[in-house]
Structures are given as structure tokens and as C-alpha cells.
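Worksheet: one structure, shown below.
Both counts, for ligands and for their atoms, begin at 1 and track the order of listing.
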Amino acid sequence: RQQEKIRNFSIIAHIDHGKSTLADRILEYTGALSDREMQDQFLDSMDLERERGITIKLQSVRLPYKAKNGQEYILNLIDTPGHVDFTYEVSRSLAACEGALLVVDAAQGVEAQTMANVYLALDNDLEILPVINKIDLPSADPERVRQEIEDLIGLDASDAVLASAKSGIGIEDILEQVVAQVPAPSGDPEAPLKAMIYDSLYDAYKGVITYIRVVDGSIKKGQKVRMMATGKEFEVTEVGVFAPRPLARDELSVGEVGFMVASIKNVKDTRVGDTITDAKRPADAALAGYRRINPMVFCGMYPVDSSDYDDLREALEKLELNDASLRFEPETSGALGFGFRCGFLGLLHMEIIQERIEREFDIPLITTAPSVVYKVYKTDGEVMSIENPTHMPPSQKIDYVEEPYVKASIMVPNDYVGTVMELCQTKRGDYVDMRYLDANRVNVVYQLPLAEIVYDFFDQLKSGTKGYASFDYEMIGYKASKLVKMDILLNGESVDALSFIVHQDKAYHRGRLFVEKLKELIPRQMFEVPIQATIGNKVVARETIRAQRKNVLAKCYGGDISRKRKLLEKQKEGKKRMKAVGNVEVPQEAFMAVLQMD
Ligand code: GTP
């Protein structure tokens with residue numbers, strides 16, 4: 001049976017350990033891409049991904065492989081995103097597989113993300129095949145890394161392939177192991193259809209293209225299907241596989257990986273992790289593991305030029321077509337005017353969306369500092385979710401506030417343990433555990449408020465450890481904290497877009513630093529501008545921006561006109577990212593300054 005010749009697998013790795021390079025080598029080796037088609041890192045297809053060297057959107061590819069035993073196999077390689085913001089998506093694409101290649105850098109060894117990915121693979125009962133990559137490096141120490149994989153992960157690494165994705169060493173061995181050790185898909189071809197959605201993509205011509213793994217039964221053109229989470233029904237207009245270009249097929253049968261098109265208008269109807277079933281003969285229960293994922297980080301996005309408001313809405317609507325986890329709704333700020341409150345899976349997700357709006361849609365933005373979602377328990381019994389610090393009720397109406405916490409694992413050479421612990425303490429961390437991984441590496445575990453990670457935790461960790469620390473985290477829920485809202489007044493006017501929520505013990509310090517920073521960032525105006533930080537009605541810090549002495553243009557008085565024009569041009573350029581708040585011009589950086597406070 002065909003099912004027995006299918007092998008569905010992913011590649012998991014810490015960032016930079018060579019996942020994409022290995023995927024390319026595998027594509028090349030199996031002849032899936034002709035030389036002419038071969039472009040560097042085929043699986044990472046978005047420009048932004050390529051620039052940042054990370055994988056955002058998952059993709060998959062079907063590879064024919066003739067094994068040494070003379071048999072033809074179908075290998076489906078499913079790519080996974082490489083960032084903690086997208087953990088849920090990683091877990092679903094792993095759920096579409098029976099096996100995973102665990103790529104570990106032969107010089108770096110096991111890192112925090114390696115562990116996190118291994119846990120996800122184990123949760124999904126995958127057969128894990130370790131691959132020690134980059135053995136061509138002079139600093140490679142494959143035997144040490146083999147031992148590390150055994151000690152830290154508890155996997156038998158005696159058969160781990162020693163590979164160099166760069167030089168194409170070990171590729172055949174890897175594919176042979178996939179064939180021999182990854183189990184064939186076990187679904188029932190006669191059972192009612194169950195297919196799991198592991199990604200989707202909006203196409204202007206076809207509507208939503210849904211990436212699926214058929215778990216039971218089969219799916220064909222013309223079939224009426226139902227999405228089990230939403231109950232919505234669609235008629236399948238096309239199914240096919242990625243070879244690696246999309247290739248239409250009559251049907252996808254049990255165990256196969258491919259795509260479905262069904263005149264679906266909105267990616268929100270194709271939720272990652274949801275089960276597609278037959279509308280006439282539905283399955284009893286959906287596949288396990290589906291979750292509705294909610295945005296973790298919110299910020300305000302405002303057009304610099306308020307006449308761009310409608311364009312910004314359109315841009316967000318377009319991006320949303322392709323991004324089921326992006327959320328936005330209109331928001332009005334006294335300081336910034338009309339804009340949108342946007343929700344993201346994490347900071348990277350947020351940066352990607354901002355960059356795309358500015359690059360692809362050419363709309364200059366003012367974005368406010370990202371905020372997590374606070375739970376506010378009011379004295380009258382009401383519980384509020386606060387995504388925008390401005391909406392925090394007055395303190396006398398608050399019983400207590402909870403904030404989201406994460407469990408962070410940090411792997412670091414033992415010389416830096418002190419630095420890491422100190423950093424975690426300043427970030428209000430609660431110590432959980434510390435374990436020696438080997439003679440000179442330590443795994444430090446802390447519970448930390450997500451808000452502190454949203455601030456510059458990662459940058460500080462990197463710089464404090466000279467780049468040696470690796471870091472991963474998972475959400476663990478909400479905990480009560482003593483939090484207060486800090487308001488900022490410019491020229492006596494409260495600026496809603498500058499408000500932030502801060503822990504009581506840090507409030508004075510942060511208020512002081514923020515006000516100083518604003519003084520640096522806000523250019524002098526024609527008049528004196530006092531800046532105040534307040535909690536409730538109490539002023540906790542104050543600075544004054546002195547008035548500008550004379551008009552810059554005065555310098556040009558009597559000078560030649562072209563020079564004057566140039567100067568005006570330059571000022572306009574600089575003003576692009578300025579927003580008039582009352583009668584004070586505030587630059588973009590001021591709204592983000594709260595992120596760099598410690
Ligand atoms: P993300 O997509 O960011 O998760 O990274 P990745 O794991 O896909 O790593 P990628 O394939 O982009 O490789 C990271 C870097 O390591 C690149 O500069 C590669 O050229 C390099 N690299 C990958 N494999 C090898 C190898 O076998 N030997 C050497 N020397 N370098 C390699």
C-alpha cells in the first residue's frame with residue numbers, strides 16, 4: 001500500500017544550527033529542485049525571512065526518494081518556524097509528522113531552543129533522529145555534542161549522523177535513517193475524513209490555500225467539508241501537493257501532506273490545528289491539540305499623517321488575510337488621533353507587521369510601546385482585560401492586578417551565571433532551578449513577568465553574556481503583582497500614548513529615567529516644555545525642555561534660496577516621524593523609549 005511508503009518529518013534546531021541549509025541540501029539531493037530552479041533556501045520564501053534569516057511561515061515539500069533497498073518512498077518535509085512567538089504553529093506542524101530530524105551544531109552543542117523543540121517533538125510522540133551538523137568547522141567537536149545529546153536530552157545518539165549541510169556530507173545517511181526509522185503514517189483509509197490544518201495562506205485568485213495533513217480517510221475535489229472548530233462548511237475546489245511547486249491531484253489520501261482550496265475568503269476560517277472532516281459523514285471527534293491562540297502583546301499603531309488612516313486600515317486588512325493571529329481594532333488617542341490597537345503573538349511578530357506596513361504599503365507609522373494584557377480585578381467584582389495602559393481604572397477602584405508570567409530557560413557558560421541571575425533579579429524574576437549541564441555549562445530557570453521580556457531582556461542577556469546565552473520561554477499563566485499606571489504630562493497635558501504600567505518598586509526609578517530620556521528625545525520647541533511623570537495625582541519626576549533660542553531658518557536669511565529649500569526639505573524629512581501632541585512635536589523614539597529603561 002502507498003501509505004507504507006510515506007514518511008512525514010520536520011527538521012527542528014536551535015536558530016542558526018543549519019536547518020534551512022540542510023533542508024536545501026535534501027531538496028537538492030532528491031532532485032526536487034532542478035539547478036535552474038534552485039534558489040538559495042527555497043523553504044524560507046518571504047523576503048523578510050530571508051533578510052532576518054529566520055523562518056516565519058511554514059512550508060512543506062514532497063520529495064520522491066529511491067532508497068538503497070530499491071524501493072520508492074514519498075518523503076514529506078514540513079518546515080517549522082524558528083521563533084518562540086510561533087511555538088503553537090511549530091507544535092501543529094510537528095503534529096503533522098511522525099518523525100523529526102534534530103539538528104545540533106557540532107561546535108555549539110545543545111542550546112535552549114534545541115531543548116524546547118525536543119519537548120514539542122516528544123509531546124507529539126515523534127521519532128527523533130539526531131543530526132550533528134557543521135562537522136566541517138575547525139571548532140567542531142562531534143563526540144562532545146553526541147554525549148551532550150545523550151546526557152541532556154536522553155536520546156540515544158550513537159547513530160547520530162555526522163553531517164555538513166554546507167558541504168553536502170551525510171545527506172544520504174540522513175534520508176536512509178528517515179526511511180528506516182520514521183514510522184509510516186498509521187491512519188485508517190476507510191474512516192471518515194480527518195485532516196489537520198497546519199498552516200494557511202491567502203491567494204488573491206484562489207482564496208485561502210490550506211496546508212493539511214490527512215490523518216484518516218481521504219479528501220477530493222468536489223467534496224463538501226466541515227471545519228470542526230467553527231462548524232463552517234466549504235466545497236473543495238482543488239487538492240494537491242507541493243512538488244515543490246503546487247501540483248493539483250485528484251485526491252489526497254490517508255497519511256499524505258498537501259493543500260486544499262475551497263473558495264475560502266478568510267484565513268480565520270482555517271485555524272491552525274483545526275480538523276477538516278467530511279460534511280456528510282463527519283468524524284466523531286476532532287484531532288487533539290487544537291487551541292485558539294490569543295495575542296500576547298499589544299501596541300497602538302497610528303499613521304504619522306492622519307490622512308493615511310484609511311490606507312492603514314486597508315493595509316492591516318490585507319495583512320490579516322494572511323495572518324490569522326493578527327488582531328486589530330480602531331482606537332483613538334488624545335495625543336495621536338485615530339489609529340488601531342493591534343495584537344500580536346510576540347515582539348518579533350509585531351516588528352514584522354510594522355515593517356511590512358512601512359515597506360510594502362509605504363505608510364509611516366507612530367507605534368506606541370508594546371504592552372502585555374493585564375487582568376484587573378476591580379473592587380466592584382468586575383474583571384477587566386487591559387490591553388492598553390490608558391484604560392487602567394483609577395487605583396481606588398482596583399482590588400488587585402495580575403500580569404502574565406513565563407518560565408524562562410537560559411543556557412549559559414558558568415562564568416556568566418552570576419550575570420544572568422542578576423539580570424533575572426532586576427527583571428523581577430523568581431528563581432526556580434539551576435542545573436549543571438556539563439563541566440562548564442549551566443541551565444538557569446526563572447519565572448519572569450512577560451512584560452519584562454517585552455522590554456529589553458533579550459538584548460541585555462545577549463550583551464551581558466557576550467552572546468553566549470541561549471534563551472527560550474513558555475507562558476505559565478497569570479500572577480498577582482503590585483502594578484501602577486504611570487502617566488506622562490507634556491506641557492501640563494497628559495499624553496495617553498505615553499502612559500505605561502510599572503511595578504510599584506520600580507516606579508520612581510523608571511519614571512525618573514523616562515522623563516530624562518524624553519528630555520533628550522523631544523527637540524526644543526519655541527517655548528519651554530515641562531515633562532512630568534505622575535502616579536495618580538502625585539508627580540514622581542520632572543524635567544524641563546528649554547525653549548529654542550532662535551529659528552533655524554534665520555541662519556538662511558539673505559542666503560541663497562536653494563540652500564534654504566534644502567534645509568526645509570531636511571526638516572520635513574526629520575518631521576516625518578514627528579507627531580504633534582498638543583503643541584509639542586514628539587518623535588517616534590519617545591513612544592518606544594520606555595522599553596529601554598534599566
Ligand atoms: P534559522 O532559519 O534562523 O532557524 O536558522 P537555520 O537553523 O535554518 O540555519 P541556516 O541554515 O540559516 O544556517 C545558519 C548559518 O550556518 C548559515 O550561515 C549557514 O551557511 C551556516 N551553516 C549551515 N550548515 C553548515 C555546515 O554544515 N557547516 C558550516 N560551516 N556552516 C553551516
query = Does any pair with a residue in residues 117-173 pass ring-ring contact (aromatic ring centres under 6.0 Å, His included), and if so which ones, sequence neighbours excluded?
reply = none
ask   = Purely on distance, is any nitrogen or oxygen of Ile135 under 3.5 Å from one on ligand 1?
value = no
query = Taking atom types as modelled, is there a side-chain donor on Glu176 or Tyr65 under 3.5 Å from an acceptor on the other?
reply = yes
note = So the atoms of ligand 1 within less than 4.0 Å of a heavy atom of Ile15 turn out to be 3 (O), 4 (O)
query = Can you list the ligand 1 atoms lying under 4.0 Å from a non-hydrogen atom of Asn133?
reply = 24 (N), 25 (C), 27 (O)
request  = Provide the number and element of each atom of ligand 1 under 4.0 Å from a heavy atom of Leu137.
outcome  = 30 (N)
key: Donor-acceptor pair between Arg213 and Tyr198 side chains, under 3.5 angstrom   = no
message = Counting only heavy atoms, tell me which of Arg25, Lys166, Gln113, His17 gets closest to atom 31 (N) of ligand 1.
response = Lys166
ask   = Short list, please: which atoms of ligand 1 are under 4.0 Å from a heavy atom of His14?
value = 7 (O)
inquiry  = Parallel, tilted or perpendicular: which one describes the rings of Phe242 and Tyr211, with boundaries at 30° and 60°?
reply    = tilted
inquiry  = Less than 4.5 Å apart, side chain to side chain, heavy atoms only: is that true for Ile174 and Ile11?
reply    = no
task = Would you kindly say whether Tyr431 and Gln425 are connected by a side-chain donor-acceptor distance under 3.5 Å?
result = no
request  = Can you figure out which of Ala140, Ser20, Gly168, Gly18 has its heavy atom closest to atom 2 (O) of ligand 1?
outcome  = Ser20
